[in-house]
Q: 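I have a structure here, written as structure tokens, and I will follow up with some questions on it.
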Number of protein chains: 2
Amino acid sequence: MALDLFTERGYGQTSLREIAERLGLTKAALYYHFSSKDEIFMALHRRLHESLDATVAVLEDEDMTLGGWLALFERFVEKFPGNRKLILMHERNRTAFEKVHNEGHDQEHADIEEKLSAALRDPEIPVRERIRIGCAFSMMMGGLLFAGDGFQDVDADELTAEMKSALQDLLGAY
Amino acid sequence: MALDLFTERGYGQTSLREIAERLGLTKAALYYHFSSKDEIFMALHRRLHESLDATVAVLEDEDMTLGGWLALFERFVEKFPGNRKLILMHERNRTAFEKVHNEGHDQEHADIEEKLSAALRDPEIPVRERIRIGCAFSMMMGGLLFAGDGFQDVDADELTAEMKSALQDLLGAY
DNA sequence: GTCTATATTTCGATAGAC
DNA sequence: GTCTATCGAAATATAGAC
């Protein structure tokens, strides 16, 4: 599957030949289903968005506070089990996503990273809070790397609970 | 510079033509200084190791406890200002590094990620501690992404201090 | 829908002049 | 040390039969 190859080897190191091979098809067959390599990539991108946009929708409405970010991140963590592979692929291909994102003049989707990036550079928010929000986000996303790596023997619910606990220690201590 | 291109666009999406172009040279001139594209990549890898191996050397000696990891991460954070670009490049090219690392049967260097990976899957360590160590590490590495992105107006010392404070909240509350 | 070609481009790498 | 020129391999993508 393309998802696995992009995660293991990275987008730029994965060829259509490899993808087709793992699928038991030929390259030509892939072009019946997708018009380009980028489109395969973007299809996976869209799948993740469709799965998480409802969770992130609150960003449109609310003016986020520290507690608001905590609540959002906690909801995000709860969605991890069902989206682990997609998020992991995304995390391991940030450069490739940015490139396709820029070239394609991608439609304005309610992207959590855009709102986050805006908050992190917002001079209205105290520096300490901005740093904490950034730390919490990277902890949350990076935690996934280990969720598949070192924590395979750990119960999913326990992992979720511990991640929430860590988020609270980072954001809730005020 | 190759360092910038690998960081912006990723190793697999960067061609030698682009690197040479940004340097004001031709591809052929690059091959006088490096024997292959991989070697350019590994030269940057080695530069980071030479800069951080002294900090990580403690891993060889000690049997790490939770407090040991905290101390190590704090020292790591202090080394950030001088190694920001290299670490950022490393973080954004994990897949490419793993590939070169495997193919080249890279010499056993005291890599922090190997020791970390071992600790995360060590059944002797309580699950809660394993998760906290993983969270702290990803927070620390991911914090770099924002250090260059949203925190350009933040004083470097203040950022370091706040990162340490966050590390303590994650690892020191026991 | 999937195949066997094949076209086209780009890439990493080399040869040899200066 | 850097250049021009080029090679060979591999990649993306297409054409057309079945």
Side-chain angles (χ1 to χ4, degrees), chain A residues 1-48 50 85-86 88-107, chain B residues 1-49 85-86 89-90 92-107:
Chain A
M1 199 141 40
L3 174 58
D4 296 313
L5 281 166
F6 289 157
T7 304
E8 293 165 22
R9 309 168 49 80
Y11 179 75
Q13 287 84 32
T14 301
S15 70
L16 293 177
R17 184 190 55 77
E18 289 173 296
I19 297 174
E21 204 168 73
R22 189 169 291 203
L23 254 53
L25 296 173
T26 61
K27 279 185 296 177
L30 281 182
Y31 278 96
Y32 175 82
H33 298 279
F34 302 94
S35 65
S36 72
K37 186 186 175 187
D38 279 357
E39 228 229 42
I40 300 177
F41 202 45
M42 293 309 287
L44 294 168
H45 189 207
R46 257 179 273 117
R47 221 166 82 194
L48 180 61
E50 284 160 16
K85 292 182 76 171
L86 278 173
L88 187 53
M89 192 273 288
H90 199 279
E91 279 301 288
R92 286 170 68 89
N93 286 283
R94 296 185 80 97
T95 54
F97 274 117
E98 284 169 14
K99 183 166 173 270
V100 178
H101 198 275
N102 291 339
E103 284 176 358
H105 310 93
D106 205 5
Q107 70 283 0
Chain B
M1 199 137 52
L3 174 59
D4 296 314
L5 280 166
F6 290 155
T7 304
E8 293 165 22
R9 309 168 48 81
Y11 180 75
Q13 286 83 35
T14 302
S15 70
L16 293 177
R17 184 190 56 77
E18 290 173 294
I19 297 174
E21 204 167 75
R22 189 170 291 204
L23 253 53
L25 297 172
T26 60
K27 271 187 303 174
L30 281 182
Y31 278 95
Y32 175 83
H33 299 279
F34 302 93
S35 65
S36 70
K37 186 185 175 188
D38 278 357
E39 229 229 41
I40 299 178
F41 201 45
M42 292 309 287
L44 294 167
H45 189 207
R46 255 179 274 117
R47 221 165 84 195
L48 180 60
H49 264 282
K85 291 181 79 172
L86 279 173
M89 192 272 287
H90 200 278
R92 286 169 68 89
N93 285 283
R94 297 186 79 97
T95 54
F97 273 117
E98 284 168 15
K99 182 164 174 271
V100 178
H101 199 277
N102 291 340
E103 283 175 0
H105 311 95
D106 204 3
Q107 72 283 2

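Here is the naming used below: chain letters follow the sequence lines, and residue numbers restart at 1 for every chain. Computation of the quantities below employed the complete heavy-atom set of this structure, encompassing side-chain atoms and omitting hydrogens, waters and symmetry-equivalent molecules.
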Q: Output the single nucleotide from D/dA13, D/dT4, C/dC3 whose closest atom is nearest the side chain of A/L25.
A: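 Between D/dA13, D/dT4, C/dC3, the one nearest the side chain of A/L25 would be C/dC3.
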Q: Using a strict 4.0 Å threshold on nitrogen-to-oxygen distance, state whether A/E98 and B/R9 make a salt bridge.
A: no
Q: In this structure, how many angstroms lie between the P atom of C/dT6 and the CG atom of A/L16, rounded?
A: 20 Å
Q: Between C/dC11, D/dT2, D/dT12, which nucleotide has the shortest distance from any of its atoms to the side chain of B/Y32?
A: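 Nearest listed nucleotide: D/dT2.
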Q: For A/L23 and C/dC3, what is the distance between atoms CG and C1' respectively, to the nearest whole Å?
A: 15 Å
Q: Could you check how far CD1 of A/I19 sits from P of D/dA11, rounded to whole Å?
A: 11 Å
Q: For A/R47, does the CZ atom sit with more than 12 other heavy atoms under 6.0 Å from it, leaving out its own atoms?
A: no
Q: Could you give the OH-to-C1' distance, from B/Y11 to C/dC11, as a whole number of Å?
A: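 Atom OH in B/Y11 sits about 12 Å away from atom C1' in C/dC11.
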Q: Can you check whether B/R17 has a side-chain N or O nearer than 4.0 Å to OP1 or OP2 of C/dG12?
A: no
Q: When you get a sec, tell me which of D/dA5, C/dC3, C/dG1 is the closest nucleotide to the side chain of A/H33?
A: C/dG1
Q: Working note: A/F6 + A/R92, criterion side-chain contact (heavy atoms from CB on, under 4.5 Å); need CA distance, chi angles, decisive distance, verdict.
A: CA-CA 8 Å; A/F6 289 157; A/R92 286 170 68 89; over 6 Å; no
Q: Quick one: label A/T26 by what it contacts on the DNA or RNA (base, sugar-phosphate, nothing), any heavy atom closer than 4.0 Å.
A: base
Q: Of all the nucleotides listed (D/dC3, C/dG1, C/dT14), which has the minimum atom distance to the side chain of B/A29?
A: D/dC3
Q: Can you tell me the distance, in whole Å, between the CG atom of B/L30 and the P atom of C/dC11?
A: 14 Å
Q: Between A/R17 and A/E21, is there a salt bridge with N-O shorter than 4.0 Å?
A: yes
Q: Mind calculating the distance between OH (B/Y31) and P (C/dG12) to the nearest angstrom?
A: 6 Å
Q: What is the separation between atom CD on B/Q13 and atom P on C/dT10, rounded to the nearest whole Å?
A: 16 Å
Q: Looking at A/T14, is its backbone amide N or carbonyl O close enough to the side chain of A/K37 to form a donor-acceptor pair, meaning the two atoms are under 3.5 Å apart?
A: yes
Q: Round to the nearest Å and state the distance from A/K27 atom NZ to C/dT6 atom P.
A: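 To the nearest whole Å, that distance equals 13 Å.
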